Amino acid sequence: MAFIHLHDMEFYAYHGHFKEEQEVGNYFIVNVSIETDISKAAQSDKLEDALDYQKVYKLIDEEMKIKSYLIEPLLMRIVYRLFNDFPSIEFLSLSIAKVNPPLGGKVNRVSLQWQGKRNQL
């Protein structure tokens, strides 16, 4: 087993409770760590034997384009899709951060994180 990490993926999206957030948008930073068995890919050196992290990125990109009022449903949509689309995932950790959230003061980012195994959903 090994972990694949996709660090600091940046998306411009339209998630948020306030009308302005839904219209103007904001930057979001997504990080994902995926535990999977790499033994077959390590021996074959073939992409078809590996968890294709380009496909992981595209899945996250697709979900980031679907508006949500809250980060919570967005986070869980991505978690469910990752486990559903990639049966080899044993464990994952996913965080989504909203940059400069409108909280009435200076806050660099607010984030939400989920981590666990498939059977913990």
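It should be emphasised that the depicted structure is a prediction, and the values quoted were computed from it without experimental measurement.
A donor-acceptor pair under 3.5 Å is absent between the side-chain atoms of Asp49 and the main chain of Ser44, judged by distance alone. Under a 3.5 Å cut-off, the side chain of Arg118 and the backbone N or O of Pro87 do form a donor-acceptor pair. Side chain of Thr36 to backbone of Ser88: a donor-acceptor contact under 3.5 angstrom is found. A donor-acceptor pair under 3.5 Å is absent between the side-chain atoms of Lys65 and the main chain of Ala13, judged by distance alone.
Taking the six-membered ring for Trp and the full ring otherwise, the centers of Tyr69 and His15 sit at least 6.0 Å from each other.
Within the 4.5 Å cutoff, the side chain of Lys46 has no heavy atoms near those of the Lys40 side chain. Taking the side chain as every heavy atom from C-beta outward, Leu94 and Gln115 never approach each other to under 4.5 Å. Ile60 places a side-chain heavy atom less than 4.5 Å from the side chain of Val56. Using a 4.5 Å heavy-atom cutoff, the side chains of Asn100 and Val107 are not in contact. At a threshold of 4.5 Å between non-hydrogen side-chain atoms, the residues Leu92 and Lys117 do not count as touching. Two residues are said to be in side-chain contact when any heavy atoms from C-beta on lie closer than 4.5 Å; Phe3 and Ile34 fail this criterion. Phe18 places a side-chain heavy atom less than 4.5 Å from the side chain of Pro102. A 4.5 Å side-chain heavy-atom check between Glu21 and Tyr14 finds every atom pair outside the cut-off.
Placement of Tyr80 and Ile89 within a single hydrophobic cluster is found when ILVMFWY residues are connected by side-chain heavy-atom separations under 4.5 Å, directly or transitively. The hydrophobic clustering, which links ILVMFWY residues whose side-chain heavy atoms are closer than 4.5 Å, places Ile66 and Trp114 apart. At a threshold of 4.5 Å between side-chain heavy atoms, the hydrophobic network of Ile, Leu, Val, Met, Phe, Trp and Tyr places Leu82 and Phe11 in one connected group. At a threshold of 4.5 Å between side-chain heavy atoms, the hydrophobic network of Ile, Leu, Val, Met, Phe, Trp and Tyr places Leu121 and Leu112 in one connected group.
Contact detail for Ser33 and His5: the closest heavy-atom pair is OG-ND1, 2.6 Å. Across all their heavy atoms, Leu75 and Gln113 have their closest contact at CD2-C, 4.2 Å.
Counted within 6.0 Å of CZ on Phe91, heavy atoms from surrounding residues, nucleotides or ligands total more than 12; the atom is thus considered enclosed. More than 12 heavy atoms of other residues, nucleotides or ligands shown are found within 6.0 angstrom of CD on Gln120.
Using a 3.5 Å distance cut-off with no hydrogens or angles, the side chains of Ser111 and Ser95 do not pair a donor with an acceptor.
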